[in-house]
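Everything on this sheet refers to the single structure shown next.
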Amino acid sequence: MAPMGIRLSPLGVAVFCLLGLGVLYHLYSGLLAGRLALFMLGDQAERAGGGPDVPPGPGPEGTVDLRELLAVSVLAAVKGGEEVKRVRESNVLNEKAKGKTREGAEEKMTSGDVRSNRKMFYLFKNTFPSVQINTEEHVDPPDKETVFWDRSIPEDIKEKIQPKKVPAESVTVWIDPLDATHEYTEDLRQYVTTMVCVAVNGEPVVGVIHKPFSAYTAWAMVDGGSNVKARSSYSERTPRIIVSRSHAGKVEQVARQTFGNKTVIIPAGGAGYKVLALLDVPDKKQEKADVYIHVTYIKKWDICAGNAVLKALGGHMTTLTGEEISYTGSDGNEGGLLASINVNHQALVDKLPDLEKASHKQT
Ligand SMILES: Nc1ncnc2c1ncn2[C@@H]1O[C@H](COP(=O)(O)O)[C@@H](OP(=O)(O)O)[C@H]1O
């Protein structure tokens with residue numbers, strides 16, 4: 001007797017195998033798809049800052065992150081500062097006259113300005129291509145720099161500042177690659193700074209002031225945080241007033257007339273240096289003052305970073321008549337400058353009509 005067996009029909013085997021393959025395909029395709037989806041999401045999350053140490057990249061809907069802009073501002077100021085220092089130490093400044101101020105003072109430019117400008121500009125341009133960048137010096141396209149941000153955010157910024165997206169089109173970046181060029185050519189290194197400011201809808205929001213020769217950097221973000229603070233006290237009755245040493249005009253004479261003969265006037269180079277003079281800065285070469293006054297025309301890249309820092313710390317930088325300065329559109333500020341912190345700014349404005357008249361007499 002033949003053993004009882006199951007006769008397998010070839011058609012049945014084929015159907016069975018196909019079914020099996022179908023089940024396997026179903027199972028694995030789901031798994032693979034899931035894996036693929038996870039991989040893609042993970043990659044996206046990394047690009048968007050999902051990882052613990054990976055900062056977010058440019059936003060999807062034309063937004064930029066102010067915290068990223070702050071990190072790049074600090075990096076740009078430091079990188080520019082390295083160029084400034086290198087050129088000064090080489091003693092080959094290639095100093096040139098680039099024109100005259102409205103008051104007839106010679107405006108100088110050096111290799112320090114040019115090289116720092118190139119580094120700072122291209123770092124921003126390569127990182128935030130859609131953002132408006134205004135720099136003091138002209139950038140020739142053949143001089144393009146391949147300088148990039150490695151996406152790292154300094155620990156102190158991560159600790160104090162939360163990410164905050166704003167529309168890229170609302171942002172204007174102001175770069176001063178070398179503030180106090182005049183003093184730089186005279187080797188008065190303590191006055192020299194590199195500065196970056198980020199304005200949103202014309203309001204100064206992020207400010208960075210870097211001193212290349214003492215490796216000090218002050219940064220602040222309005223409604224965010226800062227690594228610098230105001231001093232504990234300021235003299236309101238007889239303020240020490242810090243003013244320009246190379247574009248002073250009549251500021252010294254009129255300041256004494258307005259605030260009294262006891263008023264100490266401190267002539268100093270650089271708008272960045274003068275703003276730092278109002279703050280608590282741990283640098284032996286930094287003089288201290290109570291008020292900063294400038295009476296002549298000045299450019300927005302010279303003052304925007306200081307304005308943002310002061311504003312973030314509760315201080316003020318206005319025109320001599322107390323108007324806020326808008327950091328968009330034209331690059332010049334016509335109304336002079338009054339900067340203070342932890343004093344009655346309006347009371348200072350009210351004392352200043354003589355200074356304003358003096359500024360108009362000069363032009
Ligand atoms: N009347 C004026 N016209 C144009 N720029 C002026 C100016 N007064 C001051 N500045 C600029 O403002 C910055 C600070 O000036 P000061 O040292 O006199 O306070 C300097 O910038 P740079 O050094 O970046 O060119 C200086 O050139």
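One-based numbering, in listed order, for ligands and for the atoms of each. Keep in mind the model is a prediction, meaning the values are calculated, not measured. Every heavy atom of this structure was used, including side-chain atoms; hydrogens, water molecules and symmetry mates were not.
- Using the six-membered ring where Trp is involved, Y327 and W174 have ring planes that are perpendicular, over 60° apart on the 30 and 60° scheme.
- Put simply, the side chain of D179 gets close to the backbone of A271: a donor and an acceptor are under 3.5 Å apart.
- Nearest protein heavy-atom contact of atom 11 (C) of ligand 1 is D302 OD2, 3.4 Å.
- Aromatic ring orientation, H182 versus H247: perpendicular (interplanar angle above 60°, classes split at 30° and 60°).
- Residue contact check: G270 has heavy atoms under 4.0 Å from atoms 16 (P), 17 (O), 19 (O) of ligand 1.
- When only non-hydrogen protein atoms are considered, atom 5 (N) of ligand 1 lies nearest to E107 OE2, 4.1 Å.
- At least one N or O atom of Y297 sits closer than 3.5 Å to an N or O atom of ligand 1.
- Residue contacts with ligand 1 include E103, since one or more of its heavy atoms lies under 4.0 Å from the ligand.
- Heavy-atom proximity to H294, at under 4.0 Å, picks out these atoms of ligand 1: 8 (N), 9 (C).
- In the vicinity of S244, heavy-atom distances shorter than 4.0 Å reach the ligand 1 atoms 16 (P), 18 (O), 19 (O).
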Decide yes or no on salt bridge (charged side-chain N to carboxylate O under 4.0 Å, His left out) for R88 and E83, but give the supporting numbers first. CA-CA 8 Å; R88 184 60 266 182; E83 298 299 317; over 6 Å; no
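- Close approach of ligand 1 to D179 (heavy-atom distance below 4.0 Å) involves ligand atoms 13 (C), 14 (C), 20 (C), 21 (O), 22 (P), 23 (O), 24 (O).
- At a 3.5 angstrom cut-off on N or O pairs, K299 does not count as close to ligand 1.
- Close approach to L178 involves these atoms of ligand 1, each under 4.0 Å from a residue heavy atom: 22 (P), 23 (O), 24 (O).
- Side-chain N or O atoms of R231 include one that pairs as donor or acceptor with a backbone N or O of A289 at under 3.5 Å.
- Of the possible polar contacts, none joining the R189 side chain to the Y184 backbone as a donor-acceptor pair under 3.5 Å is found.
- Taking distance alone, with nitrogen or oxygen atoms compared against 3.5 Å, K274 approaches ligand 1 more closely than that limit.
- Of the N and O atoms on the side chains of Q132 and N134, at least one donor lies less than 3.5 Å from an acceptor on the other residue.
- Considering backbone and side-chain N/O of T296, one or more are found under 3.5 Å from N/O of ligand 1.
- Backbone and side-chain nitrogen or oxygen atoms of I298 are examined, and none is located within less than 3.5 angstrom of a nitrogen or oxygen of ligand 1.
- Counting heavy atoms closer than 4.0 Å to ligand 1, residue D176 contributes side-chain atoms (C-beta onward) but none from N, CA, C or O.
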Give the table of side-chain donor-acceptor pairs shorter than 3.5 Å for residues 104-112, with sequence neighbours excluded, one pair per line with atom names and distance.
{"residue": "K108", "atom": "NZ", "partner": "E95", "partner atom": "OE2", "Å": "3.3"}
{"residue": "T110", "atom": "OG1", "partner": "G112", "partner atom": "N", "Å": "3.1"}
{"residue": "T110", "atom": "OG1", "partner": "D113", "partner atom": "N", "Å": "3.3"}
{"residue": "T110", "atom": "OG1", "partner": "D113", "partner atom": "OD1", "Å": "2.6"}
{"residue": "S111", "atom": "OG", "partner": "N94", "partner atom": "ND2", "Å": "2.9"}

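- A salt bridge is absent between D331 and K300; no separation between the charged side-chain nitrogens and carboxylate oxygens falls under 4.0 Å.
- Using a 4.0 Å cut-off between heavy atoms, T181 contacts ligand 1 through both its backbone and its side chain.
- Of the protein's non-hydrogen atoms, T101 CG2, 3.8 Å is the one closest to atom 4 (C) of ligand 1.
- We find the OG1-CD1 distance between T194 and I175 to be 10.0 Å, quoted to the nearest 0.5 Å.
- Residue A271 has no N or O atom closer than 3.5 Å to an N or O atom of ligand 1.
- Under 4.0 angstrom from ligand 1, the non-hydrogen atoms of E136 all belong to its side chain.
- Neither the backbone nor the side chain of R245 has a heavy atom within less than 4.0 Å of ligand 1.
- Within the 3.5 Å criterion, the main-chain N or O of L279 finds no donor-acceptor partner in the side chain of K229.
- Looking only at distances, no side-chain donor or acceptor of Y191 sits under 3.5 Å from a matching main-chain atom of T181.
- At the top of the distance list for atom 15 (O) of ligand 1, counting protein heavy atoms only, stands H247 ND1, 3.8 Å.
- Listed by atom number, the atoms of ligand 1 under 4.0 Å from G269 heavy atoms are 17 (O).
- By the side chain to side chain donor-acceptor pair (under 3.5 Å) test, D156 pairs with W219, sequence neighbours left out.
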